[in-house]
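Owing to the predicted nature of the structure, the values given are computational and were not obtained by experimental measurement.
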Amino acid sequence: MLSSTWNFIKRHKRKFIFTGVFVGGVYLLGKYAQRKIQEMQEREAAEYIAQARRQFHFESNQRTCNMTVLSMLPTLREAIIHHLNSESLTALLKTKPANKLEIWEDIKIISFTRSIVAVYSTCMLVVLLRVQLNIIGGYLYLDNSVTKNGMTPLAPPDVQQQYLSSIQHLLGEGLIELITVVKKAVQEVLGPVSLKQSLSLQELEQQLTQIRQLVEEGCSSSKHKSLSWYMMPDEENTLASQVEACGLTENDVTTIKLLNETRDMLESPDFTTVLCTCLSRGFIRFLDNMSEFFRPPQGDSNPSSTPDRLSHVSLPLAKIIPIINGQIHSICSEIPSHFVQDLLLIDQVKEFAANVYETFSKLQELQN
């Protein structure tokens with residue numbers, strides 16, 4: 001019995017060896033596959049958790065952006081009014097001066113200039129803060145989740161404060177230069193227009209379009225080259241030159257790096273597209289606000305208020321001036337207005353903010 005069994009095994013030895021190797025291989029392969037699947041599942045779970053954490057941090061950062069915009073609008077409004085003070089001229093008119101017509105002409109230019117500057121600077125504030133706070137937000141995400149193990153923070157508090165203080169350029173020198181350029185354009189377009197001349201809403205829109213063309217086409221041919229200059233000074237005017245005499249600290253170097261990265265963003269085609277979208281939406285909302293004052297008189301036989309209907313309603317420029325003059329309080333309002341909400345909810349702004357945050361919240365991309 002044993003002899004026959006042994007002979008059977010000897011005759012089929014190769015088959016038994018092959019079967020044993022095959023079964024063992026399948027077993028080992030199964031174990032290997034099981035381990036790899038488990039590793040893949042663990043990696044996918046970790047990536048999902050990291051992505052969820054990044055998404056939560058991003059959304060929180062966007063709420064911070066919105067609140068920061070609203071908190072800075074009163075400062076922007078006061079700065080514009082300080083440089084373009086029509087109220088003092090209006091008060092002067094009440095004294096019945098001899099040069100009344102000259103004062104009215106000054107009020108015309110100042111009123112249009114300050115509302116147009118308000119649209120430009122509010123749009124700039126929205127997109128600039130989106131860039132700055134999402135760059136900082138990306139670095140903070142890394143500081144909180146990737147670089148905890150004794151590594152030097154990418155964005156320490158002193159750097160954050162120093163970097164974000166660069167917004168003062170838009171509220172200072174940038175704003176003054178913007179006012180100068182816009183005022184010159186307003187003077188060229190509206191200077192010849194008589195105070196007695198009546199304008200429809202459509203004609204008013206045409207005047208604003210001409211002013212925008214002068215401002216924005218002028219930028220492309222000037223030494224500043226783009227609207228981004230009003231938001232951030234030229235590279236030679238950055239922190240590096242300001243502290244050259246006393247040397248650069250490590251925080252200064254980090255801040256300069258952030259400023260240069262921001263400047264690259266502001267000069268990108270994507271940023272230009274987003275800013276143009278904001279400006280278009282801003283001036284549309286501005287005209288929508290103005291349209292409330294171009295309604296047909298009560299008792300009109302056709303109460304329709306369609307755009308075509310409104311195009312037939314005209315007001316003397318002298319009556320339009322006070323309306324234009326007061327628009328700054330709606331545009332630069334810390335209480336969420338339709339104007340600011342429109343800008344904050346633009347899809348292109350959200351998408352651009354997400355791209356900026358995504359770029360600066362990934363360590364491997366920052367190291368390249």
Expected output: side-chain N85 to main-chain S88 donor-acceptor under 3.5 Å: yes
Residues, nucleotides or ligands: over 12 heavy atoms within 6.0 Å of H329 NE2: yes
Nearest non-hydrogen partners of A155 and L140, listed with the distance: O-CD2, 4.0 Å
L275 with L345, same ILVMFWY side-chain cluster at under 4.5 Å: no
N/O donor-acceptor pair under 3.5 Å between T180 side chain and I176 backbone: yes
From CZ (F112) to CD1 (I321), nearest 0.5 Å: 6.5 Å
Atom of A79, atom of L171 and distance for their closest heavy-atom approach: CB-O, 4.2 Å
Intermediate values then yes/no, side-chain contact (heavy atoms from CB on, under 4.5 Å), E87 and I81: CA-CA 9 Å; E87 285 74 17; I81 292 176; 4.1 Å; yes
L125 versus V69, closest heavy-atom pair with distance: CD2-O, 4.1 Å
Rounded distance [0.5 Å steps], CZ in F293 versus CG in L204: 12.5 Å
Lys/Arg-Asp/Glu bridge criterion (N-O < 4.0 Å) met for E261, K257: yes
Minimum side-chain heavy-atom gap V215-Y120 below 4.5 Å: yes
Shared hydrophobic cluster for L101 and V186 (ILVMFWY, side-chain gaps under 4.5 Å): yes
Backbone of N325 reached by a side-chain donor or acceptor of R114 within 3.5 Å: yes
For Y163, the option from T262, T255, D158 that meets side chain to side chain donor-acceptor pair (under 3.5 Å): T262
Side chain to side chain donor-acceptor pair (under 3.5 Å) between N260 and R263, worked out: CA-CA 5 Å; N260 288 336; R263 188 176 291 105; 2.9 Å; yes
S166 side chain vs Q162 backbone, donor-acceptor pair below 3.5 Å: no
Stepwise side chain to side chain donor-acceptor pair (under 3.5 Å) test for Q62 and N134: CA-CA 8 Å; Q62 302 326 293; N134 278 293; 2.7 Å; yes
Heavy-atom pair with the smallest gap, counting every atom of Q348 and V274: O-CG2, 3.8 Å
Check: H338 side chain, S330 main-chain N or O, donor-acceptor pair, under 3.5 Å: no
Check: S111 side chain, I324 main-chain N or O, donor-acceptor pair, under 3.5 Å: no
Intermediate values then yes/no, side-chain contact (heavy atoms from CB on, under 4.5 Å), F294 and Q202: CA-CA 10 Å; F294 283 80; Q202 185 177 12; over 6 Å; no
E173 atom CD: more than 12 heavy-atom contacts under 6.0 Å: no
Derivation of the side-chain contact (heavy atoms from CB on, under 4.5 Å) call for L76 and I80: CA-CA 6 Å; L76 176 62; I80 296 172; 4.0 Å; yes
Check: D252/T249 side-chain N/O donor and acceptor closer than 3.5 Å: yes
Exceeds 12 heavy-atom contacts within 6.0 angstrom, atom CD of Q341: yes
Contact summary for S333 and V340, nearest pair of heavy atoms: O-CG2, 4.2 Å
Audit row: L287, L201, side-chain contact (heavy atoms from CB on, under 4.5 Å) steps and yes/no: CA-CA 8 Å; L287 285 166; L201 190 63; 4.3 Å; yes
hydrophobic_cluster_shared for L343 and I284, side chain cutoff 4.5 Å: no
Heavy atoms of other groups near Q197 CD, more than 12 under 6.0 Å: yes
G191 to K108 - nearest heavy-atom pair and separation: O-NZ, 3.3 Å
S200 backbone acceptor or donor facing E203 side chain under 3.5 Å: yes
